[in-house]
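Bear in mind the structure is a predicted one, so any value in this text is a computation, not a measurement.
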Amino acid sequence: METLQAWQPITTMKGRNLADLGFFEVIPHFEYLKIKFDDAKGNKFEVIYDQTISPVEYYVWSYRFSTEYGRFDLISKQIDLSGVVDEDSLYFYKVSNSEYIKWFDQNPLINSHTNPKLEHHLYMNDSQVFEVLSDYEPKFLKIT
């Protein structure tokens with residue numbers, strides 16, 4: 001069974017529940033993938049995946065977007081909140097026993113066996129879900 005493990009890489013994104021996180025832009029680019037958010041206080045942040053994955057020169061292996069209706073299954077997932085450091089700050093999830101990674105593993109050339117650091121990162125608010133498969137953790141930056 002998939003488990004959503006709370007992941008709080010920064011504590012400057014303020015809010016106490018999923019409704020406090022707003023997606024406002026996603027930029028897939030040949031040099032990076034950026035996801036931009038705002039928090040309950042109107043602060044803006046960007047998550048940047050920009051490390052080249054050798055030997056293919058991609059920045060992430062896969063990403064996908066859906067609405068909460070498209071991912072109704074998330075309601076029934078087991079959630080581990082032990083990664084929450086600050087209860088007044090927003091957090092994301094890393095998914096263990098990921099179905100998304102199992103789907104990705106159907107590729108015989110590039111998969112979690114050839115890339116053992118592969119992780120499933122899950123960003124969601126009360127109405128949108130954005131997921132990324134990556135070999136590394138992205139940068140989190142506050143923007144003006």
Side-chain angles (χ1 to χ4, degrees), residues 1-54 56-107 110-112 114-144:
M1 172 183 241
E2 284 185 315
T3 301
L4 306 182
Q5 299 174 320
W7 171 43
Q8 197 173 45
I10 61 172
T11 56
T12 52
M13 292 184 72
K14 297 304 178 187
R16 296 197 49 107
N17 62 54
L18 295 176
D20 291 335
L21 178 69
F23 289 96
F24 68 89
E25 188 172 24
V26 175
I27 306 170
H29 189 273
F30 66 92
E31 292 184 0
Y32 55 79
L33 172 66
K34 287 184 184 180
I35 309 165
K36 296 185 180 185
F37 303 103
D38 55 17
D39 67 8
K41 297 189 180 232
N43 298 308
K44 295 185 183 329
F45 298 85
E46 60 185 12
V47 176
I48 306 168
Y49 291 88
D50 64 353
Q51 294 180 26
T52 304
I53 303 169
S54 293
V56 292
E57 298 185 11
Y58 293 124
Y59 297 92
V60 297
W61 289 112
S62 181
Y63 63 90
R64 64 185 182 188
F65 169 82
S66 64
T67 65
E68 86 278 18
Y69 295 113
R71 290 302 314 272
F72 195 73
D73 63 308
L74 292 173
I75 294 171
S76 63
K77 301 295 180 203
Q78 185 175 3
I79 297 176
D80 174 1
L81 296 177
S82 63
V84 175
V85 178
D86 180 354
E87 292 184 8
D88 293 321
S89 296
L90 297 168
Y91 55 88
F92 309 107
Y93 296 103
K94 289 186 179 182
V95 182
S96 62
N97 199 27
S98 166
E99 293 296 326
Y100 192 12
I101 290 178
K102 288 177 186 172
W103 166 81
F104 188 75
D105 281 347
Q106 295 176 38
N107 182 329
I110 304 292
N111 51 56
S112 66
T114 60
N115 296 22
K117 293 182 181 179
L118 187 66
E119 294 183 331
H120 177 179
H121 302 160
L122 175 68
Y123 305 93
M124 62 187 223
N125 61 13
D126 60 338
S127 62
Q128 299 168 315
V129 180
F130 199 85
E131 299 171 88
V132 178
L133 295 184
S134 177
D135 285 354
Y136 60 92
E137 290 190 0
K139 295 181 219 170
F140 288 80
L141 302 173
K142 185 173 182 181
I143 56 177
T144 56

Quick check, are the ring centers of Tyr63 and Phe65 under 6.0 angstrom apart? no

Proximity of Phe130 and Phe37 rings by center, below 6.0 Å: no

Are the side chain of [X] and the backbone of [Y] linked by a donor-acceptor contact shorter than 3.5 Å?
X	Y	answer
Glu46	Lys34	no
Asp39	Met13	no
Gln78	Met1	no
Asp105	Ser112	yes

Could you tabulate the donor-acceptor pairs under 3.5 Å formed by side-chain atoms of residues 115-126, not counting sequence neighbours?
from, atom 1, to, atom 2, distance (Å)
Asn115, ND2, Asp135, OD2, 3.2
Glu119, OE1, Lys94, NZ, 3.3
Glu119, OE1, His121, NE2, 2.8
Glu119, OE2, Lys94, NZ, 3.3
His120, ND1, Ser98, OG, 2.7
His120, NE2, Glu131, OE1, 2.7
His121, ND1, Tyr49, OH, 2.7
Tyr123, OH, Tyr49, OH, 2.6
Asn125, OD1, Ser127, N, 2.9
Asn125, OD1, Gln128, N, 2.7
Asn125, ND2, Leu21, O, 3.0

For the student: nearest non-hydrogen atoms of [X] and [Y], plus distance:
X	Y	answer
Pro28	Leu33	CA-CD1, 3.9 Å
Asn107	Asn111	O-ND2, 2.9 Å
Asp50	Tyr136	N-OH, 3.0 Å
Leu90	Asn17	CD2-O, 3.5 Å
Tyr91	Leu81	OH-CD2, 3.5 Å
Gly15	Ala40	CA-CB, 4.1 Å

Any luck finding a side-chain donor-acceptor pair between Thr3 and Lys77 under 3.5 Å? no

Who are the side chain to side chain contact (heavy atoms under 4.5 Å, CB included) partners of Glu57, not counting sequence neighbours? Thr52

To the nearest 0.5 Å, what is the distance between [atom1] ([X]) and [atom2] ([Y])?
X	Y	atom1	atom2	result
Tyr93	Gln8	OH	CD	11.0 Å
Glu2	Tyr100	CD	OH	12.0 Å
Thr11	Phe140	OG1	CZ	12.0 Å

Give me the one residue out of Asp88, Asp20, Asp86 that meets side-chain hydrogen bond (donor to acceptor under 3.5 Å, both in side chains) with Lys14. Asp86

Could you label the plane-to-plane angle of the Trp61 and Tyr58 rings as parallel, tilted or perpendicular, counting under 30° as parallel and over 60° as perpendicular? perpendicular

